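Worksheet for the structure shown next.
Just so we're on the same page: letters track the sequence lines, and every chain starts at 1. Quick caveat, the model's predicted, so the values are computed rather than measured.
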Protein chains: 2
Amino acid sequence: MATGRTHRPATRSRGIPEATVARLPLYLRALTALSERSVPTVSSEELAAAAGVNSAKLRKDFSYLGSYGTRGVGYDVEYLVYQISRELGLTQDWPVVIVGIGNLGAALAGYGGFASRGFRVAALIDADPAMTGRPVAGIPVQHSDDLERIIEQDGVSIGVIATPAGVAQQVCDRLVAAGVTSILNFAPTVLSVPDGVDVRKVDLSIELQILAFHEQRKAGEDTGADGDAEHTPAVVPPAPRGAAGTGGRKGPDGDVPAVMPA
Amino acid sequence: MATGRTHRPATRSRGIPEATVARLPLYLRALTALSERSVPTVSSEELAAAAGVNSAKLRKDFSYLGSYGTRGVGYDVEYLVYQISRELGLTQDWPVVIVGIGNLGAALAGYGGFASRGFRVAALIDADPAMTGRPVAGIPVQHSDDLERIIEQDGVSIGVIATPAGVAQQVCDRLVAAGVTSILNFAPTVLSVPDGVDVRKVDLSIELQILAFHEQRKAGEDTGADGDAEHTPAVVPPAPRGAAGTGGRKGPDGDVPAVMPA
DNA sequence: CCATCTTTGTGCACGCGTTCACAAAGACAT
DNA sequence: ATGTCTTTGTGAACGCGTGCACAAAGATGG
C-alpha cells in the first residue's frame, strides 16, 4: 500500500490492534459489494478471498469486535456492515477540509468516495488569490486567510494537505492550532505534530521507489549480473563531498506542488 | 500511511527487510535535501530526526546495506545518496505507463516527482476515444487499444492504474500479459495477479476511515458516552437481510472513476 | 603515541502480528 | 432427539520489526 503509518507507537486503541483497524475498511468494502447483491451471509473463507486476506486473520480480526458470526453458517452481511461502520465511526458525518487545490487537490475534491462513507468536503482552501471563489468540483475555493474561521465554524477535525512540501508544515501547524486532530498528508514531507494528533501520509514517489527496488531485484535474478553484486568496493563512487553534485539548482522535488512526496 | 502492502509474504529480498526498503526512500529524500545544502556528513541522530524515525532503527537499516558510516563522524551524504539510489534501482531509467486519465490520472501525469527519481512517464492511456490524442501534462493520451503495443515497444515494467474500480482488474490483466511486473493501484479493488508480479495500492478512502476510527476514539474518551459502549446487544440493528437496504442503486463507489478506493 | 570523546554497528530482549490447528457451537437432516 | 457436518472463535507457536544498551572503531587533541 501507499500508506505510511504514523509514529503512533501501536497504541492499540480500545483493544483493537492497529493492523486490524487498517483492514476493517477492506472488509467493509467487500461486504458493501455483497450487500448490494443482496447476499445474506458469507463465510470467513469467502469474505477473506474477496478482501484478499487470510481467512484465519479475518476471523481473528472480527473476534476483536465481538462474536458476530454463526458457526456452521457464517456472518450476516448487513449486520456486519453496520457493526464495522459503527466501529470505524462512519455512522456519523465527518466534515473534511482540503488545503492546496492544485492538480491533486482538485482531483481529491472531485472524488466520489467521500460522501459514500460519511465524509463531507466542508471546504477547499488555497493560498492563491486567483483561485478564491473559483468553483472546483462544484465547491468554491476559499482563501487560506479564512482557514481558522472555517475549521472552527464547521467543527472540522480532519484535514487533507495537498500543498507543496515547502508550506506543508506551516499549513499543518495552522490546522492543528485551529482544532484539527487528524491529518492526511500528501506533501512529501515529514510532518511533526503534537501528541494527540494523528497523521497519515500518502506518497506516490515512495511507492514507485519500492516497486523499483523489487523490479530491479527481479531483473537481477535473471541476469545474475549486477543483481547481487557486493556493494561496489571503491571504484567509481560519485565524488564524495565537494559542491553539491547533482545539478546545483534545487531539484524537481524540494517543494513539489502537485501530487505526492518524492 | 496510505500505502497498502502487498500480499508478498515478507520475502526479504536480498536480505534487506521489507520494512527497511520502505524507509529507504524516506532517508533518500532527507539526504537529498542535505546534499542540496552542501552538507558533507550527517550523524544517524540528525538524519533520523529529519526522516522522522528512531536513530537506532536508521543505523540498523543502513547496516543491511553495508558499513557506510564512519564512527565518531557519521555518514557521508553524497556517498549515501549514491548507495541508496543504487540499492533502490534509481540509477536506471524506469518507463511508467499511467492507465486511466481522469482527474487523478491527470494529476499523476503532471506530477514533477517522477523525473526526479528516474521515473519517466512513457505513456498515458485511456479507454475514452474522446481523450485520444489530447495532451495531458504535455503528453498525448493514447487509446487503450494500443496498450500492449506501447508496453512491449517501450519495455515498460511498471504500470499505474487510475481507472474506475470496475475495469481495474481487466486493465491489470492486460498490463501483466503485456509484460508489466509491478503495479501501483489507485482503484478501490483488490487486484489478483500471478506470482512474480508486485502490487501496491493507494487508497484515500481507507486512510480517511482509519483516521475516522481514531478520531471517534478520541471523542469517545472525552465524553465517555458511546466511546466504549458494548456492541449494542440486540436493539436497533439495521434490518438484517431483506432487499439491499442502502439506496438500491449502485452506491457511489463500486466503480468510482476518480481518485481512490472506497 | 596515548587518552579522550564521539558515533557507529549490533547482540539481545520484547512485543505485535500472523498463521496453524482444533475444540466448541450451532445448523440441518433424519 | 440424535448424529453429522460446517464454520466460527481462539490458544499457542512462530517470525518479523523495534528499541535498548553497549562494545568497538575511529577521529581529535595534547
In this structure, how many angstroms lie between the C1' atom of C/dT7 and the OH atom of B/Tyr68, rounded? 19 Å
Nucleotide C/dT7, atom P - distance to CG of B/Leu80 in whole Å: 16 Å
B/Tyr75 and ring-ring contact (aromatic ring centres under 6.0 Å, His included): which single residue from B/Phe62, B/Tyr27, B/Tyr68, B/Tyr82 fits? B/Phe62
C/dT18 P sits how many Å from A/Glu18 CD, rounded? 11 Å
Between B/Glu36 and B/Thr32, do the side chains contain an N or O donor and an N or O acceptor separated by less than 3.5 Å? no
Measure the distance from NZ on B/Lys57 to C1' on D/dC16 and round it to the nearest whole Å. 13 Å
Whole-Å gap separating C1' (C/dT8) and CG (B/Asp61): 14 Å
Hey, is the side chain of B/Arg71 poking within less than 4.0 Å of OP1 or OP2 on D/dT28, counting only N and O atoms? no
I want to check one thing: is the phosphate of D/dT18, taken as OP1 and OP2, less than 4.0 Å away from some side-chain N or O of B/Arg59? no
Between A/Ser63 and B/Ala56, which is nearer to the 5' end of DNA chain D once each is assigned its nearest nucleotide? A/Ser63
Any N or O donor-acceptor pair under 3.5 Å from the base of C/dT18 to the side chain of A/Lys60? no
Separation of B/Arg23 atom CZ from D/dC16 atom P, in whole Å? 15 Å
So, is B/Tyr75 close to the C/dG9 phosphate, meaning a side-chain N or O under 4.0 Å from OP1 or OP2? yes
Measuring to OP1 and OP2 of D/dT8, would you say a side-chain N or O of A/Ser44 lies under 4.0 angstrom away? yes
Is the phosphate of C/dG17, meaning OP1 or OP2, less than 4.0 Å from a side-chain N or O of A/Asn54? no
Starting from the 5' end of DNA chain D, give me the residue, B/Gly72 or A/Glu45, whose nearest nucleotide shows up first. A/Glu45
Separation of D/dT18 P from B/Tyr64 OH (nearest whole Å): 9 Å
Testing the 3.5 Å rule here: is there a donor-acceptor pair between the side chains of A/Thr189 and A/Gln169? no
Strictly below 4.0 Å, N to O, side chains only: are B/Arg29 and A/Asp203 in salt-bridge contact? yes
Regarding A/Ser44 and A/Arg59, is there a side-chain donor-to-acceptor distance under 3.5 Å anywhere? yes
How close or far is atom P of C/dG9 from atom CG of B/Leu58, stated in whole angstroms? 10 Å
So, is B/Ser43 near the phosphate of C/dT7, with a side-chain N or O under 4.0 Å from OP1 or OP2? no
